[in-house]
Amino acid sequence: MFLRKIMTALAVTVGLTFVVPALVVDSASAAAPTAVRTIYYDASGAQEFKADVDEGAAAWNKAVSVIELKPATGTQATIKVYADDGWPRTSSNGFGRGTIYMGRQAVKDGFYPPRIAAHEIAHALGLPDNRNGRCDYLMSGHSSPTSCKTTTPHETEAAQVTRNAGGLFPATLARPLEFKDCWVF
Ligand SMILES: [Zn+2]
């Protein structure tokens, strides 16, 4: 019964994709885990880090096929990125929703801005910090060396975001999750 439902859903999806692909993309947010969820981010306030934010977003788009982070301005954007002299930090309001600060303090300490951006974006995609000291994990933050310039998520991080996009992480949170000491020694 369940399998038949999935097969029917797949058939419908395939049919729609073939006939009207634009419609499928537009309705993706309410659809099955296999549908692409478009997430708009506004990096117009990220000042000198704008290109770094784009690079971080591109790394996630490459690693996770079910999401597409797209630049946008104004109310369309659910992720807003700013820059200031504090520490990089994120307030997460749900999957694909949050406010990010590209703090200059971590850049001053030598951390690589595109990696900082990819890390903070991950918080807005429902990933917590994971201070395991490994450069091949984005969420290791300050526990990885400043020489680490990896922006590609570890496969386990990509898999978690895929599950989050499929509904594991809530679309909205009653109270925002605050991640403030990602890059603080
Ligand atoms: Zn963090």
Side-chain angles (χ1 to χ4, degrees), residues 37 39-64 66-69 71 77-166 168-185:
R37 289 179 66 162
I39 300 160
Y40 293 98
Y41 68 94
D42 182 353
S44 62
Q47 302 179 47
E48 72 271 31
F49 301 112
K50 193 180 170 304
D52 303 316
V53 174
D54 290 338
E55 191 175 335
W60 276 109
N61 286 344
K62 198 174 169 193
V64 179
V66 297
I67 61 165
E68 186 174 12
L69 290 150
T78 53
I79 296 177
K80 304 249 171 99
V81 191
Y82 303 99
D84 71 3
D85 291 331
W87 291 97
R89 59 202 184 276
T90 299
S91 175
S92 168
N93 300 312
F95 185 80
R97 286 159 42 82
T99 303
I100 293 171
Y101 282 86
M102 290 290 296
R104 295 186 181 94
Q105 192 64 50
V107 182
K108 254 189 235 168
D109 282 0
F111 287 106
Y112 186 55
R115 179 169 166 84
I116 296 172
H119 174 108
E120 300 304 328
I121 289 169
H123 284 315
L125 300 173
L127 290 195
D129 286 304
N130 176 15
R131 298 183 182 90
N132 62 7
R134 289 176 57 167
C135 182
D136 58 341
Y137 280 74
L138 285 179
M139 303 320 286
S140 57
H142 69 76
S143 73
S144 62
T146 53
S147 60
C148 176
K149 294 187 172 177
T150 300
T151 57
T152 303
H154 188 270
E155 61 182 354
T156 59
E157 295 173 328
Q160 183 65 51
V161 168
T162 299
R163 287 194 294 275
N164 289 352
L168 191 67
F169 197 79
T172 53
L173 298 172
R175 262 191 311 180
L177 289 171
E178 306 289 348
F179 301 94
K180 292 180 174 173
D181 57 353
C182 308
W183 304 91
V184 183
F185 280 110

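One-based numbering, in listed order, for ligands and for the atoms of each. Excluded from the calculations below are hydrogen atoms, water molecules and symmetry mates; all remaining heavy atoms, backbone and side chain alike, are included.
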* Test side-chain contact (heavy atoms from CB on, under 4.5 Å) applied to Glu157 and Trp60, step by step -> CA-CA 10 Å; Glu157 295 173 328; Trp60 276 109; 4.3 Å; yes

* May I have the step-by-step check of side chain to side chain donor-acceptor pair (under 3.5 Å) for His119 and Asp129, ending in yes or no? => CA-CA 9 Å; His119 174 108; Asp129 286 304; 2.9 Å; yes

* **Ile116 and its side chain to side chain contact (heavy atoms under 4.5 Å, CB included) partner, picked from Asp52, Thr151, Val107** => Val107

* Pick out which of Cys148, Ser144, Pro153 makes a side chain to side chain contact (heavy atoms under 4.5 Å, CB included) with Leu138. =>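 So the option named by the test is Pro153.
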
* Does Thr150 use its side chain to pair, donor to acceptor, with the backbone of Asp136 at less than 3.5 Å? ->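 The answer is no, because no donor-acceptor pair under 3.5 Å joins these two groups.
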
* Is any NZ, NE, NH1 or NH2 atom of the basic residue among Arg104 and Asp85 found under 4.0 Å from an Asp or Glu carboxylate oxygen of the other? -> yes

* **In the protein, N/O/S atoms that are found under 2.8 Å from the Zn ion (ligand 1), waters not counted** => His119 NE2, His123 NE2, Asp129 OD1, Cys182 SG

